Each structure stands twice: as structure tokens, then as C-alpha cells.
Asker: 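The structure is given below, and queries will be raised subsequently.
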Amino acid sequence: MSQTLQAVRGMNDILPDEAEFWETFEEIVRSWLKSYGYRPIRLPIVEPTPLFKRAIGEVTDIVEKEMYSFIDSLNGEALTLRPEGTAGCVRAAIQHSLVAQQPRRLYYTGPMFRHERPQKGRYRQFHQVGVEALGFAGPDIDAEMILMGARLWADLGLDGIELQLNSLGQPDERAQHRAALVSYFEEHADILDEDARRRLYTNPLRILDSKNPTLQAMCAGAPKLIDHLGTDSLNHFEGVQRVLRDAGIPFTINPRLVRGLDYYNLTVFEWVTDRLGAQGTVCAGGRFDGLVGQLGGKATPACGFAMGVERLVALIRESGGEPAAPAPDVYVVHQGDDATRLAFRVAEGLRNNGIDVLLHCGGGSFKAQMKKADASGATFAVVIGDDEAATGEAQLKVLREEGVEQRKLKVDELADAIIGQLIDSDEEE
RNA sequence: GCGGCAUUAGCUCAGUCGGUAGAGCACUGGAUUGUGAUUCCAGGUGUCACCGGUUCGAUCCCGGUAUGUCGCCCCA
């Protein structure tokens, strides 16, 4: 295998079996979104680099080392393959004044790009379904988004996906807590390990996740963010939880849940499974009230979440979901010039009646063609040879039942006969 | 980006204590003239991931690269 002919590392071809599985997934997702009043928006895959730097945060891993950024050699613009969807969605909302008159519920799907080391459930080109509600201030929209998740897992036949919830408060509250946390860790600098020292000023919250037992004991006494939340933040958080309790959605409050992107505030949540190894988050999101203003729009509250398509599809597979291989209704077998001409007419005529037809192409003996007909999974074979072509007839053969004689029919009668039998067999099931 | 493990026919894998390789499935053709599935027969299955080193000789040993995978980091 020539190395120059390989897909870029971490960017996958989705082959037909897999792609069909994705399409059924996407159909379920679209009808689910529609049932909550979300409308599609299609956004560019490439955006100006500064958009992501401003939205995601200069010091995040994504911006510092994971973005596919380049200079457009034709005009010198700094461009980036989108590493996430929210920034572009907000940019579009501002550019087109989408929230000037009214709030909006929007969704988008498509590829995102992050230069990380590939692993199961983590790819350099991966796909998300992103859902954003712009212009809603209260905890009701947060709660509705979480309820949406629960419904989708049910629609997809998934269970065992657990909800984790936290509140990040407002930026000033978060900053206070962070300062308290850093000074707490500085007091215990003697027991910090190398990893913790590195994170102390870059990502002190992550020290709380340390697997080092001596650190864990120390972390138990660390300042808690929830103690730095003001009344408004606490009320908002409680408002979300009340709806979840009313709806009977179990959740765990995880004080260590911080999202990787700077723009989040107040409610953040993740849906997590333990069946996918290290990449267990299948859906995550939260509130980002500051982002629209930060990107130059009029201050607009907002909330959103994103799902990882690869991860969800893998989880459905893991749960035993298998795609039903789609089969045509009819496979048309033909041999001889006149027969081929009639076969085209027959195939198109059947399709006019809504029947799925695979017309044999590529010649070969009747035997070889019948093998293909069988392998296609078709319910019927329609066989046309010179004899049939001469009389305007075709043989209709039932492929998947024993003891049914094939019948010779006028080509005009084929569609009715096939539809009639398809309906009969549907009723038997 | 760091560490462990892996890479043999289209697919799933076996194997050679270093002498250039097999199985099953799949595929193709045949078992009387124009008919599939089961059965029988026949047949290609391959730079043993790539590049280099050691050796008379490497698919096997060593090094590097690529890709995958598991974990870390991080995240959907």
C-alpha cells in the first residue's frame, strides 16, 4: 500500500456499511430536533483564525496546539478549519442579526478538526451535531436541552448514559475561586507533584482530578467553586435541577466538571458512558452568556451542546445496534440485445411505481446474474431473455421463498404483481 | 505531544526456534441447451505495512517511519 495514497491520519473514510448506519442515525436526530423546534443552519468549515482565538480562549489546548490553521496563499488571510461549531454559529448569528428580534433555536452538523493523537472515539476529523439556543436567559432552556438529551438516548435505544452537572458561576465568581484555589495549592506546594506544578497556573482546576493519592487527600479540603457562587448563580443552578427532578432525570453534580472552552458560564453538563474507554463523553454543553458580546454582538444569553457522532455511533454498535442492509425489491436479469433494451424499459417502469430496482449491468451468464440477484438480497428476480423480449414478457421469480413457481407476465403487469406480493408479505409479518 | 502493544491473501486469522508462507470466509469458472441459495470440482489469491541494518540468506532478529490500538494529556 503506497503511503502517499492514504487518508490523512485521524481522518476516516466512512464506507457504505458505516455510512448507511450514519444516515439512519441522522434521520432519528433530525426528527428529534424538529420535535423541539430547532432549525438547521449550515455554516462554513473554514473560518477566520481570530474567531476561534477570541471565542475558545488563547490559552486553551485547542487554540494553542490543536488547530489546523494556515495562511491563504492567495490573499494572506489567516484561516482555520473549525475545531468546534459554536464560534461559527455565533458569528453567523451576529453577522445576519438572527437574534435581533427574537431568540433562536438552531442546530448544525458536520466535520470538526483538531490535531490530536487519534484514539478510539477521538479523531482529527470528527463529526458533531451542535445545538444552540440564542437569546434565552433563564434556566428553563438549559433544562430543556438536558431533557432533549435524555429523549434522544431513548430514541436511539441507548441506556447507561449518565448525566453530570455543574455550575461554573459567572466569570468574576470563577476568577475568585480560581485565585483561592491557587493560593491553597501554593500553601501545599511541598506535596505537589510535577504534573500539578505544571498545571498550577495554567489549569489549576485539573489538579483536582489528580490520581495521586497524597494529592487527592489534600484536594478534599480545597476551596469549592459552589461556595463562591452568588445568589443569582445558585438560583439559576437550582432552577435547572428542579426541572430535572420534576422530569425524573437522574444526575450527578460533579464539582470537577469544567468544560475545556473558556466561553462557558453557569450551567455545564456532560452525558457520559463507561463503554467507550477513555473517550466516554458523548454529549456536552452548557451556557455561554458572554460569547455573543465577546464576539462583537449585542449581549445575548445563550446555551448549547454538541454530540460526537463517531462516539454515539460506536455506542449504538456497542449496544448491539446493527444496520439492516438495504436490499432492492427487484433485480433485473437479462441477456441479448433486445432483452437488454426491454430490461431498461421494465426497470424504469417499475421505478415509476415506486419499486426499488437493481438492473444488472456488466453482462455474464444467466447463472452468474442470478447469483448476483441472490447476493443483492432482492425479493424478486425479473428475468428477460430473447424469448421474453420477442413477446414483451418477463419471468417473475420469487427469490426468498420455497416452492413458488416463477411466472411469465406481460411487462405491463409486472408492477401490479410485484406491489401486490410485497403488500401480502408485509401483512404476514 | 508522551508511553505500552500490534501490522501476514479482499475479510478474520494461523505459521516459520532465520532457508521468500497457509486455513476459513469471500471471489471467479465448471457439474447438458436460458435461472440463485445447499452440495461437488477447479482456480488468482500476498513486494508477510514501509525503509534501512545484522546475516551466505530476514516475513521472523535489530533500528527508524507509517498506520491502528490501549493508557496519559485533552476533549465531542
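Quick note on labels: first sequence line is chain A, next is B, and so on, each numbered from 1. Nothing here was measured: the structure is a model prediction, and the numbers come from that model.
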Asker: Does a donor on one side chain sit under 3.5 Å from an acceptor on the other, for Arg114(A) and Tyr123(A)?
Answerer: no
Asker: For the side chain of Arg122(A), starting at C-beta, report the closest nucleotide among rG29(B), rU35(B), rC74(B).
Answerer: rC74(B)
Asker: What nucleotide among rU69(B), rC74(B), rG71(B) has an atom nearest to a side-chain atom of Ala278(A)?
Answerer: rG71(B)
Asker: Let's see if you can work this out: which of rG68(B), rU35(B), rA76(B) has an atom nearest to the side-chain heavy atoms of Val383(A)?
Answerer: rU35(B)
Asker: Could you check whether the rings of His115(A) and Tyr68(A) sit parallel, tilted or perpendicular, using 30° and 60° as the cut-offs?
Answerer: tilted
Asker: Take the angle between the ring planes of His334(A) and His360(A) and call it parallel below 30°, perpendicular above 60°, tilted in between.
Answerer: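 Ring orientation, 0 to 90° scale: perpendicular.
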Asker: NZ of Lys408(A): more than 12 outside heavy atoms within 6.0 angstrom?
Answerer: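 More than 12 within 6.0 Å, yes.
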Asker: Looking at the side chain of Gln6(A), which of rU67(B), rA37(B), rU69(B) is the nearest nucleotide?
Answerer: rU67(B)
Asker: For rU47(B) versus rC75(B), give the span between their C1' atoms, rounded off to a whole number of Å.
Answerer: 41 Å
Asker: Under 4.0 Å: is that the gap between some side-chain N or O of Lys372(A) and OP1 or OP2 of rG36(B)?
Answerer: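 No, no such contact exists.
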Asker: Quick one: the side chain of Gln369(A) and the base of rU35(B), do they pair up donor-acceptor inside 3.5 Å?
Answerer: no
Asker: Where does RNA chain B pair, written as one dot-bracket string 5' to 3', with Watson-Crick or G-U pairs under 3.5 Å, ( ) inside the strand, [ ] for crossing pairs and | for another strand?
Answerer: (((((((..((((.....[..))))((((((.......))))).)...(((((..]....))))))))))))....
Asker: Look at Arg124(A) together with Glu116(A) and state whether they make a salt bridge at an N to O cut-off of under 4.0 Å.
Answerer: no
Asker: Among rG1(B), rA66(B), rG34(B), which nucleotide has an atom closest to any side-chain atom of Phe366(A)?
Answerer: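 Out of rG1(B), rA66(B), rG34(B), the nucleotide with an atom closest to Phe366(A)'s side chain is rG34(B).
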Asker: If you check the Arg9(A) side chain, which of rA76(B), rC74(B), rG68(B) turns out closest?
Answerer: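 That would be rG68(B).
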Asker: Can you tell me if Arg91(A) and Gln95(A) form a side-chain donor-acceptor pair at under 3.5 Å?
Answerer: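 Yes.
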Asker: For the side chain of Phe126(A), starting at C-beta, report the closest nucleotide among rG68(B), rA76(B), rG36(B).
Answerer: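 Of rG68(B), rA76(B), rG36(B), rA76(B) is nearest to the side chain of Phe126(A).
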Asker: Keeping the roles fixed (side chain from Trp153(A), backbone from Trp271(A)), state whether a donor-acceptor pair exists under 3.5 Å.
Answerer: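 No, Trp153(A) side chain to Trp271(A) backbone: no donor-acceptor pair under 3.5 Å.
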Asker: When you get a sec, tell me which of rU35(B), rG34(B), rC74(B) is the closest nucleotide to the side chain of Gln279(A)?
Answerer: rC74(B)
Asker: Under 3.5 Å, is there any donor-acceptor pair linking the side chain of Glu388(A) to the base of rG34(B)?
Answerer: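 Looking at the base of rG34(B), it does pair with a donor or acceptor on the side chain of Glu388(A) (distance under 3.5 Å).
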Asker: Rounded to the nearest angstrom, tell me the gap between atom CD1 in Ile384(A) and atom C1' in rU35(B).
Answerer: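 One finds 14 Å between C1' of rU35(B) and CD1 of Ile384(A), rounded.
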Asker: Distance criterion of 3.5 Å, no angle test: do you see the side chain of Arg117(A) paired donor-to-acceptor with the base of rG71(B)?
Answerer: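 A donor-acceptor contact between them is absent.
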Asker: Side chain of Gln119(A) only, heavy atoms from C-beta on: which candidate in rG34(B), rC70(B), rA76(B) is closest?
Answerer: rC70(B)
